[in-house]
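Read the structure below first, then the notes.
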Amino acid sequence: QEALRLYPPIIATFMRTARQDVSLGVHRIPRGTSVSVMTVTLQRDARWFTEPDVFRPERFLPGAPDVPRGAFLPFGAGGHVCIGQHFAMVELALVAAVFLRRFDVAPLPGDALPEPRVDIVLKPSRPLRLRVVRRRSALGLRGEAERRVRYTGHVSGRQGGALRPGRVPRHAGPPRPSPLHISANN
């Protein structure tokens with residue numbers, strides 16, 4: 001939830017047209033004006049979130065102070081809420097649990113994280129480069145063989161630039177489909 005607070009999938013969740021003249025604080029919105037709520041701004045508002053630009057997952061843990069209604073809307077709200085929000089949250093948790101159980105992931109050393117870019121969706125301003133290493137416990141290997149297996153991203157020009165799965169060394173068990181290339185380091 002904290003990742004969705006800082007980086008919501010859709011930037012302008014709500015777009016509405018005022019049916020009548022409306023005053024919101026010091027702003028006057030004439031009838032017929034289109035108004036959008038920018039969730040990325042709303043969810044980083046210091047009135048609702050202490051240190052709003054800091055990633056603090058404990059904000060959403062049981063026992064944490066309640067988030068005010070309307071301050072966290074990554075999937076919208078009311079009659080226009082995304083019908084896939086529950087599926088998306090379950091899918092996100094399952095994919096993260098399975099992937100992170102098997103791999104350690106970190107930005108490449110010395111490589112700064114890309115700045116977010118606002119488009120229809122929030123996305124990185126440049127590709128995010130990561131180092132992905134298979135966890136030893138996920139390999140089922142022992143001793144020296146355990147230390148030699150590493151995963152690195154690989155792009156094959158012969159397949160039109162598509163990611164191609166590598167081959168798992170014989171001692172690591174049967175091959176598994178993967179968008180990662182596997183190489184044994186000696």
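Note: hydrogens, waters and symmetry copies are ignored here, and every other heavy atom, side chains too, is used.
Residues passing the side-chain hydrogen bond (donor to acceptor under 3.5 Å, both in side chains) test with E115, sequence neighbours excluded: none.
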| request: Show your working on salt bridge (Lys or Arg N to Asp or Glu O under 4.0 Å) between R126 and D111 and close with a plain yes or no. | output: CA-CA 12 Å; R126 61 175 176 73; D111 196 20; 3.6 Å; yes
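To the nearest 0.5 Å, atom OH of residue Y7 and atom CZ of residue R5 are 9.5 Å apart. Atoms CD and CG, from Q1 and L61 in turn, are 9.0 Å apart once rounded to the nearest 0.5 Å. Atoms CG and CG, on L113 and L130 in that order, are 8.5 Å from each other to the nearest 0.5 Å.
The two residues P8 and L122 have their closest heavy-atom pair at O-CB, 3.6 Å. In this structure, S125 and P114 approach most closely via the heavy-atom pair OG-CB, 3.9 Å. Listed here is the closest heavy atom pair of P52 and R44: CB-O, 3.1 Å. Taking all atoms of both residues into account, the shortest heavy-atom contact from P9 to L4 is CD-CD2, 3.8 Å. S34 approaches T17 most closely through the heavy-atom pair OG-OG1, 3.8 Å. Between A3 and F55, the closest heavy-atom pair is N-CE1, 3.7 Å.
R31 places a side-chain N or O within donor-acceptor distance of the main-chain N or O of R19, the cut-off being under 3.5 Å.
For the ring-ring contact (aromatic ring centres under 6.0 Å, His included) test with F72, the passing option among W48, F60, F49 is F60; the others fail. Checking each of R59, R56, Q43 against E2 for a side-chain hydrogen bond (donor to acceptor under 3.5 Å, both in side chains) leaves exactly one that passes, namely R59.
Cation-pi geometry between R135 and F99 is not satisfied (NZ or CZ under 6.0 Å from the ring centre, within 45° of the ring normal).
A single hydrophobic cluster is not seen to contain both L24 and V37; linkage of ILVMFWY side chains at heavy-atom distances under 4.5 Å, directly or through other members, places them apart.
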Please tabulate, one pair per line, all N/O donor-acceptor pairs under 3.5 Å involving side-chain atoms of residues 85-98, not counting sequence neighbours.
none

